[in-house]
Amino acid sequence: MSELLKGLNPAQRRAVEAIAGPVLVLAGPGSGKTRVLTHRIAYLIKTVGVDPYNILAVTFTNKAAREMKERLEALIGPADAHALTVGTFHSLCARFLRRDIVHLGRERDFAIYDSDDQDRLMRRVLKDLNLDEKQYPPRAIHGRISSAKNELVGPEEYARLNRTYYDEIVARCYERYQRLLRESNALDFDDLLVETVRLFDEHPEVLEKYHQRYAYLLVDEYQDTNRCQYVLVKQLAAGRRNLFAVGDDDQSVYGWRGADIRNILQFEQDYPDAKVLLLEQNYRSTQAILDIAQAVINGAGKRKHVKKLWTENGEGLQVSLHEGYDQNEEANFVADEIARLAAAGGLRRRDFAVMYRINAQSRALEEALEARGIPLQIVGGTRFYDRKEVKDVLAYLRLAANPFDSVSLLRVINWPGRGIGERTEAELIRWANELGVPIFQALRELADEESAARAPFNARTRGALLAFLAIAEELIAARRELPLADLIGRIVDRLDVREALVREHGPDEGEDRWSNVLELGNKALDFVNLPVEEQLGAYLEQVALIADVDNMDPQADAVTCITLHQAKGLEYPVVFLIGLEEGLLPHSRSSDDREKVEEERRLLYVGVTRARQRLYLCYAFRRTSYGRTNVTTPSRFLADIPRELLKQPKKRGTAVIAPDSPLFGGRGGSSPKSGGRASGASSWGSSSGASWGSSGRGAAGGRERGRPAGPTEVTFFAGQRVRHGTFGEGVVMGSRLVDGDEEVTVSFADRERRLLASFAKLERVEE
DNA sequence: TCCGCCTAGGTTTTT
DNA sequence: CCTAGGCGGA
């Protein structure tokens, strides 16, 4: 038997050995699908004798691509590993287009616009069309356009298909937006895919070239493909039909960005001769963790592919459920547990991950971990390349690569300040529109005395504009001669970036930002081995397409803090899932739509199945967001977990969940019985979880639901002694009305707490 | 045009 | 809470 098949179970082996024709592998979490992918590639090369040059593998992140290459290097040697093509849809499309975009009558040095660039361009579109940003939020409009692109609907078709007034506005913006992109010789993220599909569509000879080359096509995370990616796969696979798609419909969490779960559900219709293989054995987690995962996912409606997860890993430790008082206590609990487990030995910092729904949740964690001296790495939030000073310097580089890139041009035309204000900028745009040329071209016209005479600028303004043009021209010229690192050096010297940053932000922050700019220079050193003329393009492409998760340092011995979305594909011995509350998971923006709620459920499923040995499910009794504090309702998904699967919290200061608590009852609208709850019962005490946040009030603590406005005056006064079911006796420090509720500050034995009178069931203690 | 103060409004998730 | 944008003054 081949060396490469050793250590694989029969199902995995079948997948690896499937040679020809379409194959769909439905792989449960932790079932070794990455292993199957890499071993299949290795098998194709080493056993079947396929030339690695003829293999194309598409992964979901650059990180996954890199890791796959590394594994293959070990498996089949660096030469073969290097010869095959691995990348994300976006990076591959960028590469294809660089090679062949001239077929579409375009220039090769196109810029790639990220979300910030897209937003800026959309604002300009709205200005051009005299539309009010308040009424038509640029991001909302762009969202519509992006969805249309994902569906391969162009501006004309969009205009034809849609009938409402709003649609009509969007259609006009779409048309203009595309026109400006083209004028700027730029593609946005969506265009990378759309234009590749178009290229293949309009130029069969180009597609044919890829059919010849890529005899074997492998696609990971197939459930996350959108319509456009689906078509692209179809185009590429149409040649030899050796498509090997791997995915898990239960882990589909990218519907919001166009991923269409139907792509995986309809695989068999699309490819009638497809083999469908199931990977159900889990090698990652303990049975206790899988039971939780199963409970969560079984709470979903009917599913097309029901996988029965099982493992030989043994029962393992019971999963813990923990209620914190607020997000700080929640974070403290997490940090204390990490410290405790790390001290107990056997676990390193990097064995821990804390996962959450939204990036903003990382803040409290950061504080708690730092307070204990526990190193952490936060994945996500603001990317390094999204920092203003970094983007500003980058804009000059982008301008050097492609002077028609109007977003970059306008970004830095007055940075550092050179006396070109809003007024001048608007005039410049207007004038360029009038001439019908890109903005950079208009600037060049200005250098010519005769044209300048007709331009709407006075001598001083013209001087400022020409000063900017001179810098741009200098960089464009330097680009061909200087290595990338020197080009960056030229920019920061010529513009005195450090001085500008200190002037703008003061010495402390200024130096901070300056160090980010220096870091930018460091990253450029990765490209020194390329020929000078290729360095800039390669660098800019990487900057545009790299994700934050791609930068994670797996070597660092630090606790990982990461969103559930980014955590997909990762695994850790110990996982904390925090903020399991209505409004957060499911997120409030998703709670009203059945489909979206199901996606949120799958997100929790993804989180649960990241854990290998220990799993903690956490939520807080109160949470502060936007500076407002609200009482929370535990996530409805917790109600799908049988209570006996969970270790109950015992610590003082945490809730003891009553046997008849709706948390462990059935799902759906049955409201809790008002009697029968054990004293000291759950301090959140709320209802079925159909609503959350402030609307969760009123059903609290056996009080009447639908209570009208709330108290109009305080009923507690400083100095009174009170008793609370959980916290014991305390003294009222003060009380005030907040949002139609009474917030009482009470000093308990351990510390001061603020409680809402409607929830907290405070009894007055007579003396 | 630039600077600084102020407030109103906003955050899902990412290539 | 934080930040971007609006507005007044120089």
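Naming convention: chains lettered A, B, ... in sequence-line order (proteins, then strands); numbering from 1 in each chain.
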- Message: Going by the rule ring-ring contact (aromatic ring centres under 6.0 Å, His included), which residues pair with A:Phe200 if we only count those two or more places apart in sequence or in a different chain?
- Response: A:Tyr210
- Message: Please give me every residue in residues 186-195 of chain A whose heavy atoms get under 4.0 Å of an atom in DNA chain B, ordered by residue number.
- Response: A:Phe189
- Message: Can you measure A:Arg95 atom CZ to B:dT15 atom C1' for me and round it to whole angstrom units?
- Response: 15 Å
- Salt bridge or not for A:Asp191 and A:Lys149, using N-O below 4.0 Å? yes
- Task: Applying ring-ring contact (aromatic ring centres under 6.0 Å, His included), name anything that partners A:Phe89, two or more places apart in sequence or on another chain.
- Result: none
- In whole angstrom, give the distance that lies between atom CD of A:Gln542 and atom C1' of B:dT15. 14 Å
- Note on the structure: Separation of B:dT13 atom P from A:Arg257 atom CZ, nearest Å, is 13 Å
- Task: Report the C-alpha separation of A:Val296 and A:Asp640 in whole Å, then their side-chain angles, then the decisive distance to 0.1 Å, and conclude whether the side chain to side chain contact (heavy atoms under 4.5 Å, CB included) test is met.
- Result: CA-CA 6 Å; A:Val296 167; A:Asp640 292 322; 5.9 Å; no
- Message: Between P on B:dT15 and CZ on A:Arg66, what's the gap in Å once rounded to a whole number?
- Response: 13 Å
- Message: Rounded to whole Å, how long is the line connecting atom CE of A:Met355 with atom C1' of B:dT14?
- Response: 17 Å
- Message: Run the side chain to side chain donor-acceptor pair (under 3.5 Å) test against A:Glu70 and tell me which residues pass, sequence neighbours left out.
- Response: none
- Hey, does A:Asn359 reach any base, or is it just sugar-phosphate, or nothing, if we go heavy atoms under 4.0 Å? sugar-phosphate
Listed pairs, N/O of protein and of nucleotides 1-11 of chain B, under 3.5 Å:
residue : atom : partner  : partner atom : Å
B:dT1   : OP1  : A:Arg423 : N            : 3.3
B:dT1   : OP2  : A:Gly421 : N            : 3.1
B:dT1   : OP2  : A:Thr424 : OG1          : 2.6
B:dC2   : OP1  : A:Gly419 : N            : 3.1

- Item | side chain to side chain contact (heavy atoms under 4.5 Å, CB included) partners of A:Arg411, counting only residues at least two apart | A:Asp116, A:Arg120, A:Lys388, A:Lys391, A:Asp392, A:Ala395
- Query: Below 4.0 angstrom from OP1 or OP2 of B:dT13, is there any side-chain N or O of A:Gln566?
  - Reply: no
- Do A:Trp256 and A:His587 have ring centroids that are under 6.0 Å from one another? no
- Message: I'd like the C1' distance from C:dA4 over to B:dT13, given in whole Å.
- Response: 22 Å
- Query: With a centroid cutoff of 5.5 Å and a plane-angle limit of 30°, would you call A:Trp256 stacked on B:dT13?
  - Reply: yes
- Task: Between A:His90 and A:Lys596, name the one whose nearest nucleotide on DNA chain B is closer to the 5' end.
- Result: A:Lys596
- How many Å lie between CD on A:Gln223 and P on B:dT14, as a whole number? 16 Å
- Item | ring-ring contact (aromatic ring centres under 6.0 Å, His included) against A:Tyr605, all qualifying residues, sequence neighbours excluded | none
- side chain to side chain donor-acceptor pair (under 3.5 Å) involving A:Glu499 - partner list, sequence neighbours excluded: A:Arg503
- Looking at residues at least two apart in the chain, or sitting in another chain, which of them share a salt bridge (charged side-chain N to carboxylate O under 4.0 Å, His left out) with A:Glu389? A:Arg513
- Separation of B:dT14 C1' from A:Ile562 CD1 (nearest whole Å): 12 Å
- Query: Atom CD of A:Gln229 to atom P of B:dT14: distance rounded to whole Å?
  - Reply: 16 Å
- Residues two or more places apart in sequence or in another chain: which of them pass side chain to side chain donor-acceptor pair (under 3.5 Å) with A:Arg257? none
- Message: List the residues meeting ring-ring contact (aromatic ring centres under 6.0 Å, His included) with A:Tyr113, not counting sequence neighbours, and say none if there are none.
- Response: none
- Query: Under a criterion of less than 4.0 angstrom to any heavy atom of chain A, what are the 5'-terminal and 3'-terminal contacting nucleotides of DNA chain C?
  - Reply: C:dC1 to C:dG5
